[in-house]
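Structure first, commentary second.
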Amino acid sequence: MSLYESGGMDALLPKTRCDKGASRVITPEAQQEIHRLRREYPRLNGTQIHARLVQEAFLPAGVSVASVQRYLKKNGLLGVEESEKKDRKAFEEAYFGGM
């Protein structure tokens, strides 16, 4: 029996995934660790966070760096907060040409 015969035109329409938008690779424990690392070390980038998660066995080595970076971006964890930003100048003068 075909889909059309059993369910009509609605049965032929594509179905949306029930896990759409959710990470299937990053476990809830790894998600908590990502948030903790982000709070404690706001300057860590996605690659460094991925390395720590793999080193501490929160993620298997097969999980890609891109998965962690997508998670960071989706949850608004990219970049350093404004309060954490500082000028990284080696020196500064009060006026132009003051050296």
Side-chain angles (χ1 to χ4, degrees):
M1 182 181 246
S2 71
L3 287 174
Y4 179 75
E5 290 174 353
S6 65
M9 191 64 175
D10 290 334
L12 298 176
L13 296 174
K15 309 286 187 285
T16 58
R17 292 179 59 130
C18 64
D19 61 353
K20 183 178 180 181
S23 176
R24 296 181 299 275
V25 178
I26 301 176
T27 62
E29 293 82 20
Q31 291 175 4
Q32 290 176 353
E33 185 66 10
I34 289 171
H35 285 274
R36 184 189 70 77
L37 286 171
R38 204 64 177 141
R39 276 192 310 275
E40 290 183 17
Y41 308 101
R43 291 203 177 269
L44 286 182
N45 61 27
T47 306
Q48 294 166 329
I49 289 174
H50 174 267
R52 285 190 183 215
L53 292 174
V54 170
Q55 182 182 14
E56 296 171 6
F58 282 100
L59 288 178
V63 176
S64 68
V65 174
S67 296
V68 174
Q69 290 173 336
R70 274 192 304 270
Y71 179 81
L72 290 170
K73 183 175 182 179
K74 182 180 174 197
N75 290 286
L77 298 173
L78 282 181
V80 180
E81 294 179 15
E82 290 298 321
S83 62
E84 297 292 327
K85 287 186 179 179
K86 296 179 184 173
D87 284 340
R88 301 180 87 188
K89 297 178 183 177
F91 57 87
E92 189 174 306
E93 285 294 323
Y95 54 91
F96 178 75
M99 290 180 147

### Task
Would you check if the side chain of Q48 reaches a backbone N or O of N45 as a donor-acceptor pair within less than 3.5 Å?
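Yes: the side chain of Q48 pairs with the backbone of N45.
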#### Entry: Check: L44 main-chain N/O paired with R38 side-chain donor or acceptor under 3.5 Å
yes
### Message
Test side-chain contact (heavy atoms from CB on, under 4.5 Å) on R36 and E33; report intermediate values, then the result.
### Response
CA-CA 5 Å; R36 184 189 70 77; E33 185 66 10; 2.4 Å; yes
### Spacing of CD belonging to Q31 relative to CG belonging to N75, to within rounding of 0.5 Å
7.0 Å
#### Entry: CG-CD distance between L37 and Q32, expressed to the nearest 0.5 angstrom
12.0 Å
### Qualifying residues under side chain to side chain donor-acceptor pair (under 3.5 Å), relative to T47, sequence neighbours excluded
none
### Query
Checking side-chain contact (heavy atoms from CB on, under 4.5 Å) for the pair L59/V68: CA distance, chi angles, key distance, verdict?
CA-CA 10 Å; L59 288 178; V68 174; 3.8 Å; yes
#### Entry: CA sep, side-chain torsions, deciding dist, call: I34, I26, side-chain contact (heavy atoms from CB on, under 4.5 Å)
CA-CA 10 Å; I34 289 171; I26 301 176; 4.2 Å; yes
### Single-linkage hydrophobic cluster, 4.5 Å side-chain cutoff, V65 and L77 together
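As far as the 4.5 Å side-chain criterion goes, L77 and V65 are not connected within one cluster.
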### Query
Are side-chain heavy atoms of V63 and L53 found at a separation under 4.5 Å?
no
